[in-house]
Protein chains: 2
Amino acid sequence: MQHKPIHIIIVDDHPMVIEGLKTLLSDDERVRIINQFMNGTDALVFLEKNSADIILLDVNLPDINGVEMVPKILNIRANIGVIGLSTYSEPSIINQMIRNGVKGYLLKNVTGDELINAITQVHQGNFYFGSEVQKILADSVTQESSDLPKLTRREKHVLTLIADGKTTNSIAEELFISPLTVETHRRNLMQKLEVPNAASLIKVAVEKHLI
Amino acid sequence: MQHKPIHIIIVDDHPMVIEGLKTLLSDDERVRIINQFMNGTDALVFLEKNSADIILLDVNLPDINGVEMVPKILNIRANIGVIGLSTYSEPSIINQMIRNGVKGYLLKNVTGDELINAITQVHQGNFYFGSEVQKILADSVTQESSDLPKLTRREKHVLTLIADGKTTNSIAEELFISPLTVETHRRNLMQKLEVPNAASLIKVAVEKHLI
DNA sequence: ATCAATATACAGGAAAACCAGTAGGGAATA
DNA sequence: TATTCCCTACTGGTTTTCCTGTATATTGAT
């Protein structure tokens with residue numbers, strides 16, 4: 001079905017992992033590992049001159065953060081499919097990786113079949129995330145949205161206006177209410193979200209996806 | 001290969017779109033549309049009593065925002081695959097949808113083949129995003145990370161402390177520098193990010209992934 | 001060695017935010 | 001009907017931020 005093998009680069013600072021991946025992929029003729037690197041810089045230098053189809057990218061590299069690696073890779077060669085790899089998985093890390101453009105994400109306890117599956121899927125332009133990864137992502141969503149204090153409509157509205165950098169007075173004008181009322185709303189918001197000022201108010205609001 | 005058809009629910013307030021989807025899916029025996037709704041509330045009520053495999057969910061519903069629909073659906077039935085649908089696509093919307101747990105996202109100019117493909121992929125537990133959608137997401141990343149003003153280490157540090165709700169004085173104590181210096185840093189930050197106060201400073205900082 | 005960027009620091013004053021407590025009217029609800 | 005929640009509004013005071021402008025020692029780069 002497929003004539004040319006998929007060209008793969010491995011970036012991981014653990015020799016053991018590299019060997020493991022090699023073993024898992026060695027039997028399959030659809031893929032070929034064309035190079036491997038123990039750090040991010042070397043990989044980027046290589047990519048300036050050469051290309052590949054898929055990069056298996058460890059998240060914890062000695063020199064460059066895996067999260068930061070992804071845009072760097074895609075800046076050099078936008079059509080490479082980057083698949084993130086890590087031993088355990090922080091939801092926020094995975095989210096950042098996805099936002100930065102990884103097409104797949106796997107834990108290192110991945111089976112050979114799943115690995116091949118991920119590689120072929122990503123090579124075809126699809127996304128692939130291991131089932132554990134999906135579970136982690138799903139959990140993180142429900143967890144975040146769990147203990148969010150209930151804000152009233154008015155409070156949400158005021159909140160977004162504060163986030164836009166509006167002052168109490170201009171908010172009051174915009175909503176045709178007294179500045180004193182706006183202050184009350186702001187105070188209630190800070191109390192509900194348990195923060196001491198508007199800056200951190202916005203921070204937790206963004207974190208909890210309230211705005 | 002597959003005996004039971006995949007059960008599908010359509011949620012969209014445009015009759016035309018519903019008919020279009022029906023036509024695209026009518027020939028295929030692998031899928032079966034079991035119900036359709038013109039608004040979010042009706043769909044949620046239905047899901048309380050019945051289930052489905054896949055939901056094709058329009059983002060612009062009359063009653064409930066599509067983005068908010070996703071967690072509601074998954075709270076009722078976690079194993080439903082939600083595929084987002086929209087005519088045109090705001091990157092931020094798609095990002096929110098993904099974070100909230102959609103497994104796929106398509107534009108409404110989707111072909112029958114791609115639609116079937118997305119449905120089967122998602123039903124198998126994979127993700128599926130149309131190529132245009134992927135392009136939009138990729139563009140949004142490079143765009144966001146493009147014009148970010150360069151912050152110095154010290155400024156970044158001060159920025160995170162501001163985000164934590166610390167006052168100028170406490171930051172000064174923590175960094176063993178004068179409060180006046182901290183103020184200068186804050187001022188420079190606001191100038192660089194072109195915002196009028198600390199609240200919106202934090203907002204754009206989060207948006208641009210600076211903290 | 002020189003120039004640019006960074007981190008540091010200050011003055012003086014205006015504006016806004018923050019704190020604590022109170023309170024009335026309206027809508028929803030029990 | 002009573003109660004609770006929401007939105008509204010106020011007093012009076014303290015703290016912090018924000019503005020404008022200046023300035024110096026240190027570091028990094030050319």
Side-chain angles (χ1 to χ4, degrees), chain A residues 41 63-64 146-208 210-211, chain B residues 41 45 63-65 68 145-208 210-211:
Chain A
T41 321
D63 53 346
I64 308 178
S146 61
D147 61 344
L148 39 105
K150 279 159 201 160
L151 304 187
T152 68
R153 254 171 306 175
R154 203 53 151 180
E155 284 169 345
K156 277 183 193 170
H157 197 175
V158 171
L159 182 57
T160 60
L161 294 175
I162 293 173
D164 286 340
K166 306 250 171 74
T167 68
T168 297
N169 281 311
S170 63
I171 293 171
E173 274 183 40
E174 193 168 333
L175 300 182
F176 302 107
I177 56 180
S178 157
L180 297 163
T181 305
V182 177
E183 276 212 48
T184 304
H185 284 310
R186 180 161 39 70
R187 225 170 57 204
N188 290 337
L189 282 164
M190 292 192 299
Q191 207 163 45
K192 282 187 181 179
L193 298 179
E194 296 174 314
V195 292
N197 56 43
S200 46
L201 176 65
I202 298 309
K203 189 192 164 208
V204 307
V206 173
E207 277 174 1
K208 293 188 185 294
L210 297 172
I211 49 176
Chain B
T41 322
V45 168
D63 53 346
I64 307 178
N65 186 326
E68 293 168 20
S145 57
S146 62
D147 61 345
L148 38 106
K150 279 158 202 159
L151 304 187
T152 67
R153 253 172 307 173
R154 203 54 155 177
E155 283 169 347
K156 278 184 193 170
H157 196 175
V158 171
L159 182 58
T160 60
L161 294 174
I162 293 173
D164 286 339
K166 306 251 171 74
T167 67
T168 296
N169 281 312
S170 63
I171 293 172
E173 273 182 41
E174 193 167 333
L175 300 182
F176 302 107
I177 56 179
S178 156
L180 297 162
T181 306
V182 177
E183 275 211 51
T184 305
H185 285 310
R186 179 162 39 66
R187 223 168 59 203
N188 291 337
L189 282 164
M190 293 193 298
Q191 208 163 45
K192 282 187 181 178
L193 298 180
E194 295 174 313
V195 292
N197 56 44
S200 46
L201 175 66
I202 298 308
K203 189 191 162 207
V204 307
V206 173
E207 275 174 2
K208 293 188 186 293
L210 297 173
I211 49 178

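Side chains are part of it too, since the values below use all heavy atoms of this structure and drop only hydrogens, waters and symmetry mates. Note that the structure is a prediction, hence the values are computed from the model and not measured.
Within a 6.0 Å sphere centred on NZ of A/Lys156, other residues, nucleotides and ligands contribute 12 heavy atoms or fewer. Other residues, nucleotides and ligands place no more than 12 heavy atoms under 6.0 Å from the CD atom of A/Glu194.
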Check the interface with nucleotides 15-22 of chain C: list each N/O to N/O pair with the protein under 3.5 Å, or write none.
unit_1: C/dA17; atom_1: OP2; unit_2: A/Thr168; atom_2: N; d: 3.0
unit_1: C/dA17; atom_1: OP2; unit_2: A/Thr168; atom_2: OG1; d: 2.6
unit_1: C/dC18; atom_1: OP1; unit_2: A/Ala198; atom_2: N; d: 2.9
unit_1: C/dC18; atom_1: OP2; unit_2: A/Arg186; atom_2: NH1; d: 2.8
unit_1: C/dC18; atom_1: N4; unit_2: A/Glu183; atom_2: OE1; d: 3.4
unit_1: C/dA20; atom_1: N7; unit_2: A/Arg187; atom_2: NH1; d: 3.3
unit_1: C/dA20; atom_1: N6; unit_2: A/Arg187; atom_2: NH1; d: 3.1
unit_1: C/dG21; atom_1: N7; unit_2: A/Arg187; atom_2: NH2; d: 3.4
unit_1: C/dG21; atom_1: O6; unit_2: A/Arg187; atom_2: NH1; d: 3.4
unit_1: C/dG21; atom_1: O6; unit_2: A/Arg187; atom_2: NH2; d: 3.2

Under 3.5 Å, which protein N or O atoms sit close to an N or O of nucleotides 2-7 of chain C? Give each pair with its distance.
unit_1: C/dA7; atom_1: OP1; unit_2: B/Thr152; atom_2: OG1; d: 3.4
unit_1: C/dA7; atom_1: OP1; unit_2: B/Arg154; atom_2: N; d: 3.3
unit_1: C/dA7; atom_1: OP2; unit_2: B/Thr152; atom_2: OG1; d: 2.3

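The distance from the CD atom of B/Glu155 to the CG atom of B/Leu210 is 11.0 Å, given to the nearest 0.5 Å. Separation of atoms CZ (A/Arg186) and CD (A/Gln191) is listed at 13.0 Å; rounding is to 0.5 Å. Separating the CZ atom in B/Arg154 from the OG1 atom in B/Thr181 is a distance of 9.0 Å, to the nearest 0.5 Å. Rounded to the nearest 0.5 angstrom, B/Ile202 CD1 and B/Asn197 CG are separated by 10.0 Å.
Distance, B/Leu180 CG to D/dT16 C1': 13 Å, rounded to whole Å. To the nearest angstrom, C1' of D/dC19 lies 13 Å from CG of B/Asn188. For A/Leu175 and D/dC7, the CG to P distance is 11 Å, given to the nearest whole Å.
Without hydrogens or angle criteria, B/Lys192 side chain to B/Lys150 main chain gives a donor-acceptor distance under 3.5 Å.
Contact of the B/Lys203 side chain with the B/Glu207 side chain is registered, since non-hydrogen atoms from C-beta on lie closer than 4.5 Å.
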